[in-house]
Amino acid sequence: MQLTSHQFKARSREKLADANLQGALKKLQGNFVKGRADRVAELENFPAIRDAAAAIRARTLDHLDLYLEEFERNATARGAVVHWAETTADVNRIVCELAAKYDVKKVVKSKSMVSEECALNDALEAAGVQVVETDLGEYILQLAKEAPSHIVAPVVHKSKDQVSDLFAEKHNLPRKTGIPELCKEAREQLRPHFASADMGISGANFIIAETGSTLIVTNEGNGRMCTTLPRVHVAITGIEKVVPTLEDIATLMRLLPRHGTGQTITNYISVTTGAKRQDDTDGPEHFHIILLDGGRTKLLGGEMQDMLRCIRCGACMNHCPVYQSVGGHAYGWVYPGPMGSILTPTYVGLENALDLPNASTLCNQCGVVCPVKIPLPDLMRKLREKQFAQGLKPRTETWGLALWRWTAQRPRIYAMLTQIAARVLAVMGSSDKLIHNLPFGGGWTQGRDLPAPQGKTFRELYKSARLSETQKLG
Amino acid sequence: MSSRENILGRIRASLHRVDGDGATARVHAHIGAHGMSARPSVVGDLTAGFREKALALSTSIDEVVNIQSVPAAVAAYLSANALPMNAVCWQALGVLDWASHGVTMAARPARESDKVGVTEVFCAIAETGTLMTLSGAHTPPVTSLLPETHIAVLRVSQIVPSMEEAWQRLRETPDYPPRAVNFISGPSRTADIEQTLTFGAHGPYRVHVILVNS
Ligand code: SF4
């Protein structure tokens, strides 16, 4: 996916003015936020389960090399082929080589965010392979040539009417207006592709060291189709997705659907191990698994390691006041919201996503809801510090801070300047005691008002209060 | 150096892995222990628990006394819902007397054109109302996937409290692990368009469980 994170501010402004999107984001809060709260309340010992989930992910990361080797050994023993990809370009190369090897003309895909990282569809199409996205949301995006705006609900930004228009145009059929009719039309369009595709590509929500299996969760059933019907199955995932045992899956599955969509469990959880057995009547003849580094090892062993615990549930974005206001596209890459504000700069370079670690009020809603207890605000703060240390902050900001530091260390000058400022600002406030446009601070007042001060500084008020207090006592 | 070595090398360096520190043995022991983490208690009657959760997932349920009564229940369900009386089923169910209940049954894997698929299950999970099926020569996954209606025959003895018990049972099977384990929790659904729940996205529109009491 093309990176546009440097345009965060400009795109945010656009998105704030998009009434359609704002309505959808409101609804998302109602559905996903309330859904999560209701489903979590079903678990009487939720805090203990959450601790356990975080511990499982942390333990795996501390032994990542060993669990990956164990996974590879078991997957290979059952007939899968494991590939290691250092970069997203390597993933594309491996998939294209496999497509050539197996004479693949058509690929059906189930939703995979890692393949979005790789821009895999473009690579396959350039190699002359037809790619069909089969998750309804991803299919709509493919027709509209757009990028996902949410990792769980990729097409949340589009209205039903837009989908109606799109289907009528692309399918060349009478325009449908009901949602069930639209879903049925997509089903009927996609069914023939499953049967005629030569290769199915999926992601993997988890890979299991104990058995060498890959696991996907879906609601639509397209994931099952993609991993059952075509003669080749390729699963692409990040190296951090490994977990030790099947018991660990039971724990994580109590949390992922609850935090993702507000479901107790997703419709389908499919665990695939190896290729078709000798007597099986269905299943792929060839099963390949691609493990992507793609910047992940850079997070290991350092202060950002906790981020690799992420199970991609999307709860942090659903609960984030910034995401709730601007939606996913403003973030400019595959992963939006708080998790994206950490992953994008670490995977594609801090200098390419300067605004993202700052696109947060640090209110910690994300940290509170994260099912694997990732301290997201702390990590964003660390990235801000890194930006500062590497001199990546805009000049005006660095100078401003330097000036502030100089005066703050000189109490007399500080008092004098703040006294002047408090009085000037008090005069500037309009009748509603709000400043709508602050000179030199236009960026700040563009989207909000600054409450005008009363005219005296805190220290002045404190001093006079102390004075009257001592007079009273005296 | 290969990509594999490079990636594993970077991981080892980041984690300060020292050879011979016993970590490999600890990892094997950890996997072998199959330790269970904190989980909610599943209390009360498993069948009642399964029924309540499955209904909440929009699965429908019927109950019969023994396996011989299954064809009659299937016929009744199909006619009540105005569904075709032609179906395909997993091999083991082919021996039942379907014809005298008006059902034309074929014991073969489902194809694109089949409207009704009847399967058994490996087990079912009371905590979530979930069915668990395994792939195999005589238990093709397509039969629970391609038809618009999936009917699953579940014996009461197959209901376990949680996914943990389901995994334990799976480890005891001769062909462990099978190519595919599919957990099914109600009819296929999507909420991608305007977050509105719609059934029958790609898989079945209906999932009907016939609970066999004996
Ligand atoms: S950071 Fe936490 S809340 Fe956000 S997607 Fe990852 S696991 Fe979910």
Side-chain angles (χ1 to χ4, degrees), chain A residues 27 31 43-45 48-49 52 63-67 84-86 90 136-137 153 155 159-160 163 179-180 182-183 187 195 209-211 213 219-222 224-225 228 239 244-247 250-251 253 264-265 267-274 276-277 279-283 293 297 300-301, chain B residues 2-4 6-8 10-12 14-17 23-24 27-28 30-31 34-41 53 109 112 128 130 135-137 140-142 145 162-164 167 170 175 177-196 198 200-203:
Chain A
K27 206 162 161 190
N31 288 339
L43 299 170
E44 81 266 11
N45 51 348
I49 296 171
H63 303 83
L64 188 60
D65 50 337
L66 302 171
Y67 283 114
W84 301 73
E86 291 193 70
D90 290 342
L136 178 59
V155 70
S159 72
K160 179 194 75 179
V163 177
I179 291 175
L182 289 167
C183 292
R187 177 187 171 112
E210 171 184 8
T211 51
S213 315
N219 277 312
E220 298 184 2
N222 62 315
R224 284 189 64 189
M225 299 272 192
T228 308
I239 48 170
T245 63
L246 294 169
E247 278 75 9
T251 302
M253 280 305 138
T264 304
I265 190 155
N267 254 79
Y268 300 110
I269 300 171
S270 309
V271 182
T272 43
T273 315
K276 179 177 167 182
R277 309 289 191 264
D279 301 329
D280 282 357
T281 52
D282 53 17
D293 179 343
T297 46
L300 262 189
Chain B
S2 70
S3 299
R4 180 184 186 278
N6 288 340
I7 294 172
L8 287 171
R10 278 198 292 275
I11 298 174
R12 285 195 194 103
S14 301
L15 296 175
H16 309 291
R17 174 84 55 237
T24 312
V27 159
H28 284 143
H30 178 77
I31 291 179
H34 299 135
M36 274 192 234
S37 301
R39 55 180 183 149
S41 49
K53 298 293 183 189
E112 193 53 51
T128 49
T130 299
S135 68
V142 284
L145 181 63
S162 295
M163 195 186 269
E164 282 87 344
W167 292 132
L170 181 68
D175 302 323
R179 184 194 72 80
V181 177
N182 285 300
F183 293 93
I184 302 171
S185 303
S188 142
R189 68 191 68 198
T190 180
D192 272 348
I193 303 179
E194 293 197 347
Q195 304 168 53
T196 305
T198 312
H202 288 291

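Just so it is clear: chains get the letters A, B, ... in the order the sequence lines come, proteins before strands, and each one is counted from 1.
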Check the pair Leu136(A), Ile193(B) against side chain to side chain contact (heavy atoms under 4.5 Å, CB included), reporting the backbone distance first and the verdict last. CA-CA 8 Å; Leu136(A) 178 59; Ile193(B) 303 179; 4.1 Å; yes
Please walk me through it: do Met253(A) and Met163(B) pass side chain to side chain contact (heavy atoms under 4.5 Å, CB included)? CA-CA 9 Å; Met253(A) 280 305 138; Met163(B) 195 186 269; 4.3 Å; yes
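- Between the side chain of Asp65(A) and the backbone N or O of Leu8(B), no donor-acceptor pair lies under 3.5 Å.
- The backbone N or O of Thr251(A) sits nowhere less than 3.5 Å from a side-chain atom of Arg39(B) that would complete a donor-acceptor pair.
- Other residues, nucleotides and ligands contribute at most 12 non-hydrogen atoms within 6.0 Å of the CG atom of Asp175(B).
- Residue Ile31(B) comes nearest to Ala209(A) through the heavy atom pair CD1-CB, 4.2 Å, listed as atom of the first residue, atom of the second, then distance.
- Arg224(A) places a side-chain N or O within donor-acceptor distance of the main-chain N or O of Pro141(B), the cut-off being under 3.5 Å.
- Chain A forms more heavy-atom pairs under 4.5 Å with one residue of His16(B), Arg10(B), Glu112(B) than with any other, namely Arg10(B).
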Start with the C-alpha gap between Arg179(B) and Thr228(A), add the side-chain angles, then the distance that decides, and say whether side chain to side chain contact (heavy atoms under 4.5 Å, CB included) holds. CA-CA 10 Å; Arg179(B) 184 194 72 80; Thr228(A) 308; 4.1 Å; yes
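- In the model, Asn182(B) has a side-chain atom that pairs as donor or acceptor with a side-chain atom of Ser270(A) under 3.5 Å.
- With a threshold of 4.5 angstrom between heavy atoms, Glu44(A) approaches chain B through side-chain atoms but not through N, CA, C or O.
- Between chain A and the options Leu145(B), Thr128(B), Ile184(B), the largest number of non-hydrogen pairs under 4.5 Å is found for Leu145(B).
- How far CG of Asn222(A) is from NE2 of His202(B): 4.5 Å, rounded to the nearest 0.5 Å.
- Contact count against chain B (heavy-atom pairs under 4.5 Å) is highest for Asn219(A) among Asn219(A), Ile239(A), Asp279(A).
- The distance from atom CG of Leu300(A) to atom CZ of Arg12(B), rounded to the nearest 0.5 Å, is 12.5 Å.
- Residue Thr190(B) comes nearest to Cys183(A) through the heavy atom pair CG2-SG, 3.8 Å, listed as atom of the first residue, atom of the second, then distance.
- Rounding to the nearest 0.5 Å places CZ of Arg4(B) at 14.0 Å from CG of Asp293(A).
- Only the side chain of His28(B) comes within less than 4.5 Å of a heavy atom of chain A; its backbone N, CA, C and O stay farther away.
- In terms of heavy-atom pairs under 4.5 Å with chain B, the best-connected choice from Ala195(A), Ser213(A), Gly283(A), Gly221(A) is Gly283(A).
- With rounding to the nearest 0.5 angstrom, the OG1 atom of Thr196(B) is 4.0 Å from the NZ atom of Lys27(A).
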Side chain to side chain contact (heavy atoms under 4.5 Å, CB included) between Arg17(B) and His63(A): does it pass, once the steps are laid out? CA-CA 9 Å; Arg17(B) 174 84 55 237; His63(A) 303 83; 4.1 Å; yes
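- At a 4.5 Å heavy-atom cutoff, the contact between Asn45(A) and chain B is made by side-chain atoms alone.
- Nearest approach of Ala38(B) to Ile49(A), heavy atoms of both residues: O-CG1, 3.6 Å.
- His34(B) NE2 to Thr245(A) OG1: the interatomic distance, rounded to the nearest 0.5 Å, is 6.5 Å.
- Between the CD1 atom in Ile179(A) and the CD atom in Gln195(B) there is a gap of 10.0 Å [rounded to 0.5 Å].
- Side-chain contact between Tyr67(A) and His30(B) is present, with heavy atoms from C-beta onward closer than 4.5 Å.
- The closest side-chain heavy-atom distance from Thr264(A) to Lys53(B) is not below 4.5 Å.
- With chain B as the partner, the residue from Leu246(A), Thr273(A), Asp90(A), Val155(A) showing the most heavy-atom pairs under 4.5 Å is Leu246(A).
- Only the side chain of Pro109(B) comes within less than 4.5 Å of a heavy atom of chain A; its backbone N, CA, C and O stay farther away.
- Contact tally against chain B (heavy-atom pairs below 4.5 Å) for Ile269(A), Val163(A), Leu182(A): the top residue is Ile269(A).
- Contact of the Trp167(B) side chain with the Thr211(A) side chain is not registered, since no non-hydrogen atoms from C-beta on lie closer than 4.5 Å.
- The most heavy-atom pairs under 4.5 Å with chain B, out of Glu210(A), Lys160(A), Arg277(A), Arg187(A), come from Arg187(A).
- Both the backbone and the side chain of Ser159(A) come within less than 4.5 Å of a heavy atom of chain B.
- Looking at Thr272(A), its side chain never comes within 3.5 Å of a backbone N or O of Ala180(B) through a donor-acceptor pair.
- The two residues Gly35(B) and Glu247(A) come nearest to each other via the heavy atoms O-CB, 3.4 Å.
- Per-residue heavy-atom pair counts under 4.5 Å with chain A were compared for Ser41(B), Pro187(B), Ser3(B), Ser162(B), and the maximum is reached by Ser3(B).
- Contact of Thr198(B) with chain A is made through the side chain alone, with heavy-atom distances under 4.5 Å.
- Contact count versus chain A (heavy atoms, under 4.5 Å) is highest, among Pro178(B), Ala23(B), Ala191(B), for Pro178(B).
- Closest heavy-atom contact between Leu15(B) and Leu64(A): CD1-N, 3.9 Å.
- Across every non-hydrogen atom of Leu43(A) and Pro40(B), the tightest pair is CD2-CG, 3.8 Å.
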